[in-house]
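Below is one structure, written out as structure tokens, with a few remarks after it.
These values consider heavy atoms only, across backbone and side chains, with no hydrogens, waters or symmetry-generated copies.
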Amino acid sequence: MAKMNFGGVEENVVTREEYPLAKALETLKDETIAIIGYGVQGPGQSLNLRDNGFNVIVGQRKDSKSWDKAVTDGWVPGENLFDIEEACEKATIIEYLLSDAGQIAVWPTIKKHLTPGKALYFSHGFGITYKERTGIVPPADVDVILVAPKGSGTSLRRMFLQGRGLNSSYAIFQDATGKAWDRVIALGIGVGSGYLFETTFKREVYSDLTGERGTLMGAIQGIFAAQYEVLRQNGHTPSEAFNETVEELSQSLMPLIAENGMDWMYANCSTTAQRGALDWWKKFRDATRPVFEELYSEVACGNEAQRSIDTNSQPDYRQKLEEELKEMRETEMWQAGAVVRKLRPENN
């Protein structure tokens, strides 16, 4: 484990050079890893572990779309694809990758298979951090660990197939065996992490919920919508408004930021763009910071967690979700986006 300096603050970081795949395989050579759930994170993590040579099985509800997807992805019923209970029984490491609401519902089944010495693995700190609300309280004689890729399972898999890695955080909530650190780092390398940075379950979920509701999803959609609407109200066409709001950002500027940072992106734009951005960014910071402070407070006190639990546990949740997504999809901005994406050179 290396100490890395991030803007003057030292953090614990583990790289693939320091902990290579061969070491990870040796660490987990006698372990059976069960991936419970085949939704958002399950496919990417399980397929990467399988391709990297780990002993991995999948546990999923039979007669479900996710079960069928697992079969399509090459998992064989009775060989490395089982119902949830059988997979948990076979495993020494249980990767608990169901949705937060799903974890609450299935927890009694999982808990009875957490025999001494096993490891319970999460990719989100939600269930443990809000255990008073979720009821997820692991027994004291198992390791409880976390690897949280900083992106979707789809991105994790795509980057793995490209020979790249998606950065992940890692945490240890409970080290019952004395092997929790090696287990979590080996799993982090196995699922395809670029590097691993240390956190806690609480810090992971606080930052994750804030990020999802903030710049990663909620805030960015809100800013997109506001700018698009102002442009349209002032006579700009849907194509022009979308290109100036979304397309240029996602296709041109964000790759520059990813490559070398915001200042480098600024340096590669016109002097007029530079001047305007430098003049206006603090106004946007000052306007939105109170919203972020309110958001973080709602996350920290558990209100956001409770809203998620209450909403996502409803039997008609999927139906209502699709209605909300359909409403967004059918707005003029994203209808214009569908046309713009079709016009990209790679799609012609």
Side-chain angles (χ1 to χ4, degrees), residues 16 33-52 54 56-61 64-75 80-81 95-103 121-126 146-170 187-197 204-205 207-209 211-221 224 246-247 249-251 254-255 257-259 308 312 317-318 321-322 324-326 328-329 334 337-338 340-342 344 346-347:
R16 292 193 283 189
I33 306 162
I35 307 294
I36 305 303
Y38 208 75
V40 176
Q41 282 289 334
Q45 293 200 33
S46 62
L47 293 171
N48 290 358
L49 284 165
R50 184 180 72 181
D51 290 355
N52 272 333
F54 293 86
V56 58
I57 61 178
V58 172
Q60 179 55 43
R61 288 179 285 264
S64 67
K65 290 181 180 178
S66 295
W67 176 279
D68 294 340
K69 175 173 169 45
V71 171
T72 300
D73 286 345
W75 300 99
N80 51 27
L81 174 61
E95 288 203 14
Y96 204 22
L97 301 182
L98 292 169
S99 68
D100 295 323
Q103 287 183 14
Y121 166 115
F122 294 85
S123 282
H124 192 23
F126 191 100
L146 172 147
V147 173
K150 297 297 102 178
S152 69
T154 300
S155 298
L156 183 73
R157 181 61 176 166
R158 285 178 179 172
M159 292 178 75
F160 176 86
L161 294 174
Q162 294 167 0
R164 303 161 60 203
L166 183 65
N167 300 332
S168 302
S169 59
Y170 75 93
L187 288 162
I189 297 300
V191 301
S193 302
Y195 74 85
L196 294 146
F197 61 93
E204 190 283 328
V205 74
S207 60
D208 190 68
L209 292 183
E212 290 167 349
R213 286 147 180 77
T215 60
L216 301 179
M217 297 174 68
I220 198 70
Q221 166 63 13
F224 282 165
V246 179
E247 189 75 354
L249 173 67
S250 61
Q251 298 301 300
M254 291 304 283
I257 297 170
E259 190 174 340
S308 294
N312 298 351
Y317 164 67
R318 291 289 177 187
L321 172 65
E322 179 51 37
E324 289 184 89
L325 295 177
K326 181 173 182 286
M328 182 187 298
R329 184 167 59 246
W334 291 111
V340 169
R341 288 191 292 275
K342 288 178 182 178
R344 291 176 188 161
E346 66 267 24
N347 293 327

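Under the rule for a salt bridge (charged side-chain N to carboxylate O under 4.0 Å, His left out), Asp68 has no partner lying at least two apart in sequence or in another chain. With sequence neighbours excluded, the residues satisfying salt bridge (charged side-chain N to carboxylate O under 4.0 Å, His left out) with Glu322 are Arg329. For Tyr121, there are no ring-ring contact (aromatic ring centres under 6.0 Å, His included) partners, not counting sequence neighbours. Shown here are the side-chain hydrogen bond (donor to acceptor under 3.5 Å, both in side chains) partners of Ser99, two or more places apart in sequence or in another chain: there are none.
Heavy-atom contacts from other residues, nucleotides or ligands closer than 6.0 Å to CZ of Arg318 number 12 or fewer.
Annotation: salt bridge (Lys or Arg N to Asp or Glu O under 4.0 Å) contacts involving residues 34-45, sequence neighbours excluded, are absent. Counting only residues at least two apart or in different chains, salt bridge (Lys or Arg N to Asp or Glu O under 4.0 Å) contacts with residues 151-161 comprise Asp51-Arg157.
Looking at Glu204, its side chain does come within 3.5 Å of a backbone N or O of Gly125 through a donor-acceptor pair. Put simply, the side chain of Gln60 never gets that close to the backbone of Ser66: no donor and acceptor are under 3.5 Å apart. Checking side-chain atoms of Ser168 against main-chain N and O of Val147 turns up no donor-acceptor pair under 3.5 Å.
Taking OH from Tyr195 and CG from Asn167, the interatomic distance works out to 4.5 Å, rounded to the nearest 0.5 Å. Leu47 CG to Asp73 CG: the interatomic distance, rounded to the nearest 0.5 Å, is 5.0 Å. Rounded to the nearest 0.5 Å, atoms CG (Asp100) and CZ (Phe126) are 4.5 Å apart. In this structure, OH in Tyr38 is found 9.0 Å from CG in Leu81, a value given to the nearest 0.5 Å. Separating the NZ atom in Lys150 from the OG atom in Ser207 is a distance of 5.5 Å, to the nearest 0.5 Å.
Of all the heavy atoms in Ser169 and Leu196, the pair that sits closest is O-CD2, 4.5 Å. Nearest heavy-atom pair across Gln41 and Pro149 is OE1-CG, 3.8 Å. Closest non-hydrogen pair, Arg16 versus Arg164, comes out as NH2-C, 3.9 Å. When all heavy atoms of Arg50 and Trp75 are compared, the closest pair comes out as CD-CH2, 3.6 Å. Nearest heavy-atom pair across Gln45 and Ser123 is NE2-OG, 2.9 Å. Nearest heavy-atom pair, Met217 versus Glu212, reported as atom, atom and distance to 0.1 Å: CB-O, 3.0 Å.
At least one side-chain heavy atom of Glu95 sits less than 4.5 Å from a side-chain heavy atom of Val191. Residues Asn48 and Leu156 are in side-chain contact: their nearest non-hydrogen atoms beyond the backbone lie under 4.5 Å apart. Residues Arg61 and Leu98 form a side-chain contact, since some pair of their non-hydrogen atoms from C-beta on lies under 4.5 Å apart. Using a 4.5 Å cut-off on side-chain heavy atoms (C-beta onward), Leu216 and Asp208 make no contact. Val246 is not listed as a side-chain neighbour of Val340, based on a closest heavy-atom distance of 4.5 Å or more. His124 is not listed as a side-chain neighbour of Gln103, based on a closest heavy-atom distance of 4.5 Å or more. For the pair Leu166/Phe160, no side-chain contact is recorded, criterion being any heavy-atom separation below 4.5 Å from C-beta on. Between Ser193 and Tyr170, the closest side-chain pair of non-hydrogen atoms is not below 4.5 Å.
Salt bridge absent: Arg341 and Glu346 never bring a charged side-chain N and a carboxylate O closer than 4.0 Å.
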